Participant: 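Structure provided below as structure tokens; questions to follow.
The shown structure was predicted, so the numbers you read here are calculated from the model rather than taken from an experiment. Proteins get letters first, then strands, A, B, ... in listed order; numbering begins at 1 in each. These values consider heavy atoms only, across backbone and side chains, with no hydrogens, waters or symmetry-generated copies.
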Amino acid sequence: MAYWLMKSEPDTFSLDDLRDRPNSTEHWDGVRNYQARNMMRDQMKLGDKVFFYHSSCPQPGIAGIAEVVREAYPDSSAQNPESRYFDPKASPENPRWFMVDVRFERKFERLLPLAALKAEPALGEMLLVQKGSRLSIMPVTPEEWRQIMTMAQ
DNA sequence: GCCAACGTTGGC
DNA sequence: GCCAACGTTGGC
């Protein structure tokens, strides 16, 4: 089982939104970055754990935890001209973009702010805190996961 | 709103 | 294949 971090703008889709969906499950559409897509498509497995990260908001940070409940399948929003994620180069033969399904697992009592992650020396190597890191989906090492879980208590 | 960092596009 | 121009991300 692997660990991940996935970013979402809470104005668009927050951890609370995920919790309130039917079965607390939603498909993670709209990923339009090849590196993120490749990780999602090739490496994300059923049962993997995900830190749900809130970005581009007053309090960026990790809000809680989700779980991968369906492995990658074509992102239908890429083929929907009405969608803001529409990609004219996507087709049924070549879907180009993929998504997974994630299910709410739990919300931290307090959001763990990015500033706290940055201030923790043990997380100095974490992708998230690297300068210029913009990946919306990134791997988290077991050590980083454990460290962050400790901080979230 | 600013802007640094990064990714993508397209001309050559 | 290079690289300038442009668009996006995302913290602050």
Side-chain angles (χ1 to χ4, degrees), chain A residues 2-21 26-44 48-68 71-102 104-141 143-145 147-153:
Chain A
Y3 299 108
W4 305 93
L5 181 144
M6 296 170 94
K7 295 178 182 174
S8 185
E9 299 186 18
D11 283 353
T12 306
F13 187 66
S14 69
L15 182 60
D16 286 347
D17 292 331
L18 177 62
R19 181 196 55 209
D20 295 341
R21 287 291 195 268
E26 186 57 283
H27 48 271
W28 200 273
D29 62 358
V31 172
R32 295 294 178 267
N33 169 284
Y34 289 107
Q35 228 184 317
R37 178 203 70 179
N38 292 348
M39 285 188 286
M40 196 165 58
R41 185 190 59 191
D42 305 333
Q43 294 176 249
M44 268 196 183
D48 282 2
K49 302 290 187 185
V50 177
F51 282 136
F52 196 111
Y53 181 87
H54 285 174
S55 68
S56 294
C57 56
Q59 260 279 54
I62 299 174
I65 299 174
E67 180 181 342
V68 177
E71 294 179 8
Y73 60 106
D75 181 343
S76 50
S77 70
Q79 296 175 52
N80 173 12
E82 304 302 311
S83 169
R84 61 181 284 234
Y85 299 123
F86 178 63
D87 180 350
K89 291 179 181 164
S91 66
E93 297 73 37
N94 177 18
R96 191 153 141 138
W97 302 113
F98 291 80
M99 58 189 179
V100 297
D101 288 357
V102 298
F104 174 87
E105 184 167 303
R106 82 175 175 98
K107 182 179 177 178
F108 292 158
E109 276 182 42
R110 280 174 303 279
L111 177 132
L112 184 53
L114 175 62
L117 301 172
K118 282 183 167 171
E120 172 52 57
L123 297 177
E125 299 296 310
M126 194 184 181
L127 273 177
L128 182 74
V129 305
Q130 302 309 311
K131 188 175 178 174
S133 162
R134 302 188 316 177
L135 264 186
S136 64
I137 297 178
M138 64 182 74
V140 173
T141 69
E143 293 75 24
E144 289 162 352
W145 184 275
Q147 175 66 37
I148 290 168
M149 291 304 286
T150 303
M151 296 167 72
Q153 302 311 314

Participant: Restricting to side chain to side chain contact (heavy atoms under 4.5 Å, CB included), what partner residues turn up for Gln147(A), sequence neighbours left out?
Facilitator: Glu120(A), Ala122(A), Leu123(A), Met151(A)
Participant: Which pairs, with at least one residue in residues 53-67 of chain A and sequence neighbours excluded, count as a salt bridge (charged side-chain N to carboxylate O under 4.0 Å, His left out)?
Facilitator: Lys49(A)-Glu67(A), Glu67(A)-Arg103(A)
Participant: Return the set of residues passing side-chain hydrogen bond (donor to acceptor under 3.5 Å, both in side chains) with Glu144(A) (not counting sequence neighbours), or none when no residue passes.
Facilitator: Thr141(A)
Participant: Any chance you could list the contact pattern along nucleotides 7-12 of chain C? Use B for base contacts, S for sugar-phosphate-only contacts and - for none, protein heavy atoms under 4.0 Å, 5' to 3'.
Facilitator: BBBBSS
Participant: Would you please name every residue forming a side-chain hydrogen bond (donor to acceptor under 3.5 Å, both in side chains) with Asp16(A), sequence neighbours left out?
Facilitator: Arg19(A), Lys107(A)
Participant: With sequence neighbours left out, what residues match Tyr73(A) under side chain to side chain contact (heavy atoms under 4.5 Å, CB included)?
Facilitator: His27(A), Arg70(A), Met99(A), Asp101(A)
Participant: For Ser77(A), what residues pass the side chain to side chain contact (heavy atoms under 4.5 Å, CB included) criterion, not counting sequence neighbours?
Facilitator: Asp29(A), Arg32(A), Asp75(A), Ser83(A), Tyr85(A)
Participant: Dump the pairs, protein N or O against N or O of nucleotides 4-6 of chain C, anything under 3.5 Å, distances to one decimal.
Facilitator:
none

Participant: Identify all side-chain donor-acceptor contacts of residues 4-13 of chain A below 3.5 Å with residues at least two apart in sequence or on another chain.
Facilitator:
unit_1  : atom_1 : unit_2    : atom_2 : d
Trp4(A) : NE1    : Asp48(A)  : OD2    : 2.9
Lys7(A) : NZ     : Leu135(A) : O      : 3.1
Ser8(A) : OG     : Phe13(A)  : O      : 2.6

